[in-house]
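Single-structure report; data block below.
When a ligand or atom number is given, it counts from 1 through the structure's own listing order.
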Amino acid sequence: MGNPADQDKKLILQERKNKLSPQSYHITQEAGTEPPFTGPHLNEKRDGAFACVVCGQELFSSRAKYDSGSGWPSFYEPVIQDAVNVHEDMSHGMVRTEVICASCEAHLGHVFPDGPKPSGLRFCINGHALEFIPEE
Ligand code: FE
C-alpha cells in the first residue's frame with residue numbers, strides 16, 4: 001500500500017484514463033504532441049470557448065483564435081491571464097515554454113513569441129487537449 005496521497009493520485013489518473021481518448025490522455029498527462037494538421041478544432045471558425053478536455057476549465061476564446069499555419073490550433077491570448085500557467089520546457093533538446101491548465105495541470109502545448117498583435121504571442125495548443133463549447 002502506498003500512502004493515501006499516492007493512492008488518490010493513482011485513482012485520479014485512472015479516472016482520467018477511462019474518460020479521455022488515448023490521444024487526449026497522452027497529450028495532457030504525458031506531455032505528448034499530436035502530429036500537425038491531425039487534431040480537432042484546427043478549422044473551427046464558430047464563436048465559442050475552448051475548454052480543458054480534462055477538467056472543463058475555459059482556457060481560450062474563439063475571439064483570440066487565428067490561423068498560424070502551424071497545423072495546431074493557435075491563440076494570441078488565454079481567455080483570462082490566470083487560466084493557464086507557463087514554464088520552461090527543456091525536453092527534446094529545445095528550450096520552449098510549456099503551457100499547462102492552471103486548474104488541473106494538464107499539458108496543453110507551448111507558447112512562442114511570434115504571434116500577432118496585440119500580444120505578439122502564439123499559444124500553440126494541441127486540439128486533443130481542448131473541448132469546444134459553441135456559443136448559444
Ligand atoms: Fe484542466
Side-chain angles (χ1 to χ4, degrees):
M1 290 284 283
N3 71 47
D6 285 347
Q7 291 292 323
D8 285 353
K9 203 172 173 194
K10 236 179 172 171
L11 201 65
I12 289 167
L13 285 176
Q14 190 56 48
E15 276 172 10
R16 284 180 186 172
K17 214 162 205 168
N18 295 341
K19 184 189 112 173
L20 298 172
S21 70
Q23 297 100 315
S24 291
Y25 186 88
H26 175 59
I27 288 160
T28 60
Q29 307 302 306
E30 301 171 339
T33 302
E34 69 205 14
F37 301 101
T38 65
H41 315 306
L42 186 58
N43 298 312
E44 181 59 68
K45 300 275 199 289
R46 290 175 289 169
D47 288 342
F50 294 86
C52 175
V53 75
V54 180
C55 74
Q57 169 73 43
E58 278 192 31
L59 301 173
F60 299 97
S61 163
S62 59
R63 282 181 288 281
K65 192 174 190 287
Y66 73 101
D67 183 5
S68 68
S70 67
W72 291 281
S74 300
F75 306 86
Y76 60 74
E77 64 183 6
V79 64
I80 53 164
Q81 198 89 45
D82 291 345
V84 299
N85 287 332
V86 298
H87 63 83
E88 290 305 299
D89 171 10
M90 313 255 275
S91 67
H92 303 289
M94 293 176 273
V95 180
R96 294 177 297 173
T97 304
E98 183 188 14
V99 181
I100 64 173
C101 173
S103 295
C104 75
E105 300 189 335
H107 172 81
L108 303 170
H110 292 87
V111 59
F112 300 95
D114 58 11
K117 288 176 181 177
S119 68
L121 296 173
R122 170 170 59 100
F123 288 82
C124 185
I125 306 299
N126 289 283
H128 286 292
L130 300 173
E131 182 179 357
F132 181 62
I133 304 160
E135 236 160 61
E136 308 285 305

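With respect to Asn18, the side chain to side chain donor-acceptor pair (under 3.5 Å) criterion is satisfied by exactly one of Glu15, Gln14, Arg16: Gln14.
Within the protein, the N, O or S atoms lying under 2.8 Å from the Fe ion (ligand 1) are Cys52 SG, Cys55 SG, Cys101 SG, Cys104 SG.
Here the CD-OG1 distance, from Glu88 to Thr97, works out to 4.0 Å after rounding to the nearest 0.5 Å.
Between His41 and Phe50, the two ring planes are perpendicular [angle over 60°; tilted spans 30° to 60°].
Residues Ala64 and Glu77 share a closest heavy-atom pair of CB-O, 3.6 Å.
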| task | Tell me, with the steps shown, if Arg96 and Glu98 meet salt bridge (charged side-chain N to carboxylate O under 4.0 Å, His left out). | result | CA-CA 6 Å; Arg96 294 177 297 173; Glu98 183 188 14; over 6 Å; no
Could you go through residues 124-131 and list every donor-acceptor pair under 3.5 Å that involves a side-chain atom there, pairing it with any protein atom two or more places apart or in another chain?
| residue | atom | partner | partner atom | Å |
| --- | --- | --- | --- | --- |
| Asn126 | OD1 | Glu34 | N | 2.9 |
| Asn126 | ND2 | Leu108 | O | 3.0 |

